[in-house]
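For the numbers below, each heavy atom of this structure counts, side chains included, while hydrogens, waters and symmetry mates do not.
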Amino acid sequence: MKSYTAIILCMFLQSFSLSASNDKKLLIELDKIIENQKVYNQQIEDKIQSANQKVFFTADNPQQQFEALEELFELYRSYRTDQALSVAEQRVQLGKQLDEASYRKAMMNKADALNKMGYYNEARELLEQMNTEHQLESDTYGCYLFHTIYLSLYNEATLPQQKKAYREKMVYYTQQALKHAQPNTYSYISNYSLLLQYQGKTDEAIQLLEKAYQNDRYENSKARLEYSLANLYLEKNDTIKGRHYLILSSITDLKDAKKVYMSLQSLAMLLYYQGDVERAYMYISRALEDISFGKARYRFEDITNYLAIINAGNRQHVEKEKQTSSILITILSAVTLLLFTACFIIYKKNKRLNETKSILKEQYDQLHDASTHLQQMNQQIIEKDHIKEEYIGMLFNLCSEYIQKQHTLYKQLNRIATSGHLSDLSKFINDQQGKSEDLKTFIHQFDTIFLTIFPNFIKDFNALLRPEEQIKIKEGELLTPELRIYALMRLGINDNSKIASFLHYSLQTVYNYRMKMRNKAISDKKDLSVQILNF
């Protein structure tokens with residue numbers, strides 16, 4: 001016996017797992033449909049445009065236009081109820097010109113639209129005015145309208161006697177619809193299952209609708225079958241199958257671009273209670289937007305009730321959390337006594353551990369500082385190596401040029417000395433002393449090499465100066481005397497006497513230039529010679 005129980009339990013768990021997996025895929029599909037709702041809206045808009053064209057082209061034939069307006073009404077019926085009411089009014093005017101049956105059908109359309117817009121009593125009065133000879137009780141559409149109107153009134157009623165009276169009306173019109181419906185039609189099956197539900201025969205109603213759902217002939221009524229099955233399963237507290245059919249019904253409704261529906265709201269509420277709050281909020285938001293677009297005002301009341309339930313659920317959740325917290329506090333109070341001794345021991349160990357951590361942290365900080373210092377030194381070495389490479393090449397070039405010049409000079413001096421013209425020798429030496437071309441060449445080469453190593457030096461240096469004091473390079477120049485002084489400092493030559501000797505300036509000139517630049521700087525907190533080291 002135990003083995004059979006285990007097998008049944010395993011089969012149930014497997015079925016539950018498969019159902020949850022399928023529903024997860026269906027929910028993902030529903031999310032995508034909501035995301036791409038514009039596509040489905042455009043499809044229904046195209047159908048409406050085509051139906052409007054039929055109405056326009058049949059203006060000369062009242063009977064054909066009456067039928068074309070019926071097609072347009074069906075498109076608007078669950079899409080834009082205000083437009084459906086307008087179309088119904090047009091049908092009423094044409095129905096007066098045709099016959100009693102056409103007029104009655106048009107008036108039922110009008111009542112249908114009024115009911116969906118929330119005008120229940122107006123819709124009921126309209127139907128009762130036409131039902132003086134009980135003609136509507138032999139019409140399944142009329143019975144359907146009476147039933148849905150009394151269902152809405154039943155949901156709004158607060159007094160028990162009102163609810164009882166409305167329920168009796170609902171049962172009565174369900175029986176009348178079933179009496180006149182053709183067997184095996186959707187009207188017959190839906191009313192029969194509804195009557196079974198009123199009689200408390202939920203399982204029989206489910207079997208009837210499940211069988212119809214598998215039949216392709218009821219494909220056009222798929223969403224209504226799915227929603228009815230969902231309600232029946234939820235009535236049995238079977239939330240697994242109830243959720244499954246609500247998902248299917250929502251998918252069908254949104255694919256058909258319906259704006260007046262109940263499946264998505266019901267699904268949102270169910271998902272909320274099952275903990276999927278994020279998806280529930282998304283579905284409620286979508287439903288509110290669709291209801292607003294569809295002008296189905298009575299649906300707003302339903303949404304208000306749903307939101308009230310959500311708030312109540314939140315309050316209940318908070319209360320449960322409080323109760324749970326109280327229990328936990330009691331348990332923790334008892335456990336605290338047991339943990340006190342353990343905490344004291346752990347405290348001692350933690351103290352030792354913290355001391356060890358402190359020592360390790362100090363060592364780590366020292367290693368980190370040493371590592372940072374080494375990186376800085378390494379960067380400086382790399383930079384100095386780069387500078388050395390450039391300036392060694394420059395030095396070799398200058399030496400080679402000066403050796404060549406000296407060799408040429410020696411030749412000229414030797415030639416003059418050999419000729420014995422000492423006056424020419426004196427004149428030649430005076431001419432050479434007056435020339436400054438060698439110094440200019442040296443300075444130019446220095447500027448060129450430096451700007452090659454530090455191409456942004458002028459721009460970066462000007463950034464340290466006030467805008468009106470920034471240095472502008474004249475045409476034909478590379479560096480100004482001031483920039484040249486700070487260029488040497490960037491290379492590590494900070495001694496004024498060495499700078500003066502290198503550039504053939506006086507010591508006072510170097511000092512004056514440095515003071516001049518310091519006065520032009522944006523900030524006097526740091527010397528420019530320190531700031532340029534960051535270039």
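Put simply, the side chain of Leu271 reaches to within 4.5 Å of the side chain of Arg243, judged on heavy atoms. With contacts defined as side-chain heavy-atom distances shorter than 4.5 Å, the pair Asp460/Asn456 qualifies. Looking at heavy atoms from C-beta onward, Asn109 lies out of side-chain contact with Val92 at the 4.5 angstrom threshold. No side-chain heavy atom of Asn191 sits under 4.5 Å from any side-chain heavy atom of Thr140. Side-chain contact check for Glu70 versus Lys105: some heavy-atom pair is nearer than 4.5 Å. By the 4.5 Å heavy-atom criterion applied to side chains, Glu156 and Gln162 are not counted as neighbours. At a threshold of 4.5 Å between non-hydrogen side-chain atoms, the residues Lys179 and Gln175 do not count as touching. Using a 4.5 Å cut-off on side-chain heavy atoms (C-beta onward), Leu72 and Ile48 make contact.
For the 3.5 Å distance criterion, the side chains of Glu226 and Thr252 qualify, holding a donor opposite an acceptor. If you check the side chains of Ser102 and Asp99, you find a donor sitting under 3.5 Å from an acceptor. Residues Tyr186 and Asn215 have side chains that never bring a donor and an acceptor to within less than 3.5 angstrom of each other. The closest side-chain donor-acceptor pair between Gln63 and Glu67 falls under 3.5 angstrom. There is no side-chain donor-acceptor pair under 3.5 Å between Arg286 and Gln37. Side chains of Asn184 and Tyr218: no donor on one and acceptor on the other come within 3.5 Å. Counting only N and O atoms by type, the side chains of Asp46 and Gln42 include a donor and acceptor under 3.5 Å apart. With 3.5 Å as the limit, one finds no donor-acceptor pair spanning the side chains of Tyr144 and Asp112.
Rounded to the nearest 0.5 angstrom, Leu267 CG and Ile284 CD1 are separated by 9.5 Å. Residue Ser249 holds its OG atom at 10.0 Å from CG of Leu229, rounded to the nearest 0.5 Å. Expressed to the nearest 0.5 Å, how far CD of Gln83 lies from NZ of Lys295 amounts to 9.5 Å. Taking CD1 from Ile206 and CD from Glu204, the interatomic distance works out to 11.0 Å, rounded to the nearest 0.5 Å. For the atom pair CG of Asp256 and CD1 of Ile251, the computed distance is 12.0 Å after rounding to the nearest 0.5 Å. Distance check, rounded to the nearest 0.5 Å: CE of Met269 to CG of Leu234 gives 12.0 Å.
We find that Asp31 and Arg279 are joined by a salt bridge, their nearest charged nitrogen and carboxylate oxygen being less than 4.0 Å apart. Here Glu29 pairs with Lys255 in a salt bridge; the nearest charged N to carboxylate O distance falls below 4.0 Å.
Side chain of Glu122 to backbone of Gly118: no donor-acceptor contact under 3.5 angstrom is found. Distance alone, capped at 3.5 Å, is enough to place a donor-acceptor pair between the Asp139 side chain and the Tyr141 backbone. The backbone N or O of Asp82 sits nowhere less than 3.5 Å from a side-chain atom of Ser86 that would complete a donor-acceptor pair. When atom types are taken as modelled, the side chain of Lys163 and the backbone of Tyr154 share a donor-acceptor pair closer than 3.5 angstrom. A donor-acceptor pair under 3.5 Å is formed between the side chain of Gln470 and the backbone N or O of Asn462. Proximity of a side-chain donor or acceptor of Ser193 to a complementary backbone N or O of Ser190 within less than 3.5 Å is detected.
Across all their heavy atoms, Leu232 and Leu209 have their closest contact at CD1-CD1, 3.5 Å. When every heavy atom of Ser187 is checked against every heavy atom of Ala181, the shortest pair comes out as OG-CB, 3.8 Å. Nearest heavy atoms, Thr174 versus Met170: OG1-O, 2.7 Å. Scanning all heavy atoms of the two residues, the minimum distance from Ala123 to Leu114 falls at CB-CB, 4.0 Å. Looking at every heavy atom in both residues, Gln182 comes nearest to Tyr188 through O-CB, 3.2 Å. Of all non-hydrogen atoms in Gly294 and Val260, the two that sit nearest each other are O-CG2, 4.4 Å.
Evaluated for a side chain to side chain contact (heavy atoms under 4.5 Å, CB included) with Ile247, the options Leu264, Asn22, Leu27 yield exactly one hit, Leu27.
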Derivation and outcome, side chain to side chain contact (heavy atoms under 4.5 Å, CB included), residues Leu353 and Lys349: CA-CA 6 Å; Leu353 182 62; Lys349 290 184 178 181; over 6 Å; no
After noting the C-alpha distance and the side-chain angles of Lys116 and Thr148, does the key distance pass the side chain to side chain contact (heavy atoms under 4.5 Å, CB included) rule? CA-CA 9 Å; Lys116 286 186 177 297; Thr148 54; over 6 Å; no
Under the side chain to side chain contact (heavy atoms under 4.5 Å, CB included) criterion, do Val87 and Leu75 qualify, and how do the steps go? CA-CA 10 Å; Val87 173; Leu75 289 171; over 6 Å; no
So Leu85 and Lys110, side chain to side chain contact (heavy atoms under 4.5 Å, CB included) or not? Walk me through it. CA-CA 6 Å; Leu85 179 62; Lys110 182 178 179 180; 3.8 Å; yes
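Using bins of under 30°, 30° to 60° and over 60° for the plane-to-plane angle, the ring pair Tyr150/Tyr166 lands in the tilted bin.
Within a 6.0 Å sphere centred on OH of Tyr281, other residues, nucleotides and ligands contribute 12 heavy atoms or fewer. Heavy atoms of other residues, nucleotides or ligands lying less than 6.0 angstrom from CD of Gln161 number more than 12.
Among residues two or more places apart in sequence or in another chain, the ring pair (Phe, Tyr, Trp, His ring centres under 6.0 Å) test is passed with Tyr213 by Tyr245.
Residue pairs meeting the ring pair (Phe, Tyr, Trp, His ring centres under 6.0 Å) criterion with at least one member in residues 76-102, sequence neighbours excluded: Tyr79-Phe293. Counting only residues at least two apart or in different chains, ring pair (Phe, Tyr, Trp, His ring centres under 6.0 Å) contacts with residues 26-64 are absent.
Judged by the 6.0 Å distance and 45° axis criteria, Arg124 is not positioned over the aromatic ring of Phe146.
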